[in-house]
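Both counts, for ligands and for their atoms, begin at 1 and track the order of listing. Along the sequence shown, the residues carry numbers beginning at 1. Note: hydrogens, waters and symmetry copies are ignored here, and every other heavy atom, side chains too, is used.
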Amino acid sequence: MPRFIFVAGGVMSGIGKGISVASIGKILKSEGFKVTAVKIDPYINVDAGTMNPVEHGEVFVTDDGVECDQDIGNYERFLDESLSTLNYITTGRVYQSVINRERNLEYGGRCVEVVPDIPNEVISRILKSARKTKADFVLIEIGGTVGEYQNLLFLEAARMMKFKYPGKVLFIMVSYLPVPKMIGEMKTKPTQTAVRLLNEAGIQPDFILGRSSFPVDEPRKRKISIFCNLKPENVISAPNVKSIYEVPINFEKDGLGDKILNEFGLKKKKNDLKDWKKFVRILKTAEKPIKIGIVGKYFETGDFVLKDSYISVIEAIKHACWYFKRKPEISWLSAEKYEKSAKSLKELKNYDGIIVPGGFGKRGTEGKIKAIEFCRTQKIPYFGLCLGMQLAVVEFARNVCGLKKANSTELEKDCESVIDVMPEQKALLKEKRYGGTMRLGAYKCELKSGSKAQKAYGEFLISERHRHRYELNNDFKEILEKKGMVMSGINPERNLVEIIELTKHPFFVGVQFHPELKSRPIKSHPLFKAFIKACIRSN
Ligand code: GLN
């Protein structure tokens, strides 16, 4: 029987619950166990695909094509495992399947109730993920904060599981311990209140991870222990660290892995954090900077810069820089600025390389096209991801092939449609069937021998994850190729162009897929590595 560890958040959101779950998973895996992690999001949306990235952050995509929460990306990066639809639960998904089952008379005519039928569906999904992945440990992150109305049914599912499987279920609360400036002392009261709220749901935490700007000292551990009803050694210090990748190492300083195993009466089989520690040492000591500019639009919210929309892109850049023992310096460049002032394009020269990441809708696209033109003509390494590839094709069609009205039909109905929608997608759009209907998940791609992409991968057949509706229009392939654009990656089933590149350039590559989703800390993605290598050369 697998063991289940539920992780809930106390006091407030945004304190790194996802990273905590990913780090606990990393530790248990390094101790020789098979681990999987499930994210529960309390929203009604069936998946994250329909949400605005500025509001929700990046939409992560799994191999099997689920548009899910960015935490799944954190789990994949820390666990070095590819996850699937089994790892993602939302209120929308749960209700959708209960209602479908009710409509199919699968409840045998009885009254279907919120309790226990909704928690039961949650439990059956958790058990299924354990069964299918054959995991020794299933970590389950309950989104939101305790005390919220929205996640009550998930806490109820957790409580029911603990009752049903005694000794097999643990609860961890990740809680915030403020150090208010005017007091100058770490305060535990909000955490005590949060534990009371969890108690109201019938749950007693076995561990508290104290998130704070400082380590949690012994007196405060004792205080939390007495007031929150748990062993003092089970209060774990989780201070801010320079990099998220340090978190597992920090937890280990408090012996978290062994303590969790102890609670379950288990012993570790090995201790294998060596490579991870080496990796963290490199990222902490790398000094020589590589400057990368990301030209995007999903990072301005009021007076704040939100980096969550591009989290996998950022992590993939970092992994590749650290591979070369360089220090990544990432800047946010607003595409709209380049529309208003062509002069401002000159600032792109300050960077070793430029990325245009994925995106939707017209806003900012003309600025991105200008930035891409600048990179092409000034020989600045350029890497286009999904929309960044499509706009590179538009730019080339306009400025090299002389197709002045070239564009994507997503952005301009009446244009020379170098990027166009596939017929089956057209039908979906007409019927307004937007949710979960893009070209999603892993597709094969054949690489052209000797191309930059093929050399980077060192293979001829690869698989990458997609999330888009529009494609390079094969009617324009010939003219693009004639003018020097190399189609270096083709999807064999549908004959779709997946990678474009230019030869007489230090690095100019665009990909229709999202390579950033598959980059892992110690296994940096081949294309990101090739891009950063070119950036180092031009640095
Ligand atoms: N908007 C484009 C499309 O749907 C690109 C999507 C993306 O960048 N993920 O095809």
Report task. Could you say whether the N/O atoms of Gly361 and ligand 1 ever approach to under 3.5 Å? Result -> no

Query raised in the report: Quick one: are the ring centres of Phe528 and Phe383 less than 6.0 Å apart?
Result: yes

Query raised in the report: Are Tyr245 and His319 an aromatic pair by the rule of ring centers under 6.0 Å?
Result: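 Ring centres of His319 and Tyr245 closer than 6.0 Å.
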
**Report entry** Between Tyr75 and Glu141, a side-chain donor and acceptor under 3.5 Å
**Finding:** yes

Identify the closest protein heavy atom to [atom]: which residue and atom is it, and at what distance?
{"atom": "atom 2 (C) of ligand 1", "value": "Glu410 OE1, 3.2 Å"}
{"atom": "atom 4 (O) of ligand 1", "value": "Arg469 N, 3.0 Å"}
{"atom": "atom 7 (C) of ligand 1", "value": "Cys386 SG, 3.0 Å"}
{"atom": "atom 5 (C) of ligand 1", "value": "Gly359 O, 3.4 Å"}
{"atom": "atom 10 (O) of ligand 1", "value": "Tyr470 N, 2.9 Å"}

Going by the atom numbers of ligand 1, which of them fall below 4.0 Å from some non-hydrogen atom of [X]?
{"X": "His514", "result": "9 (N)"}
{"X": "Arg467", "result": "6 (C), 7 (C), 9 (N)"}
{"X": "His468", "result": "3 (C), 4 (O), 6 (C), 10 (O)"}

Query - Whether Gln390 lies under 4.0 Å from ligand 1, heavy atom - result: yes

Query raised in the report: Any side-chain heavy atom of His468 sitting closer than 4.5 Å to one from Gln512?
Result: yes

Query raised in the report: Do Lys444 and Leu461 come within less than 4.5 Å of each other through their side chains, counting heavy atoms only?
Result: yes

Report summary line: Any heavy atom of Met438 under 4.0 Å from ligand 1? The part involved is neither

Query raised in the report: Is it true that Glu315 and Lys318 have a side-chain N and a carboxylate O under 4.0 angstrom from each other?
Result: yes

Query raised in the report: Is it true that Glu121 and Arg101 have a side-chain N and a carboxylate O under 4.0 angstrom from each other?
Result: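 Yes, this pair counts.
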
Requested in this report: May I ask you to decide if the ring planes of His525 and Tyr457 are parallel, tilted or perpendicular, using 30° and 60° as cut-offs?
Outcome: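 Rings of His525 and Tyr457: perpendicular, as their planes differ by over 60°.
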
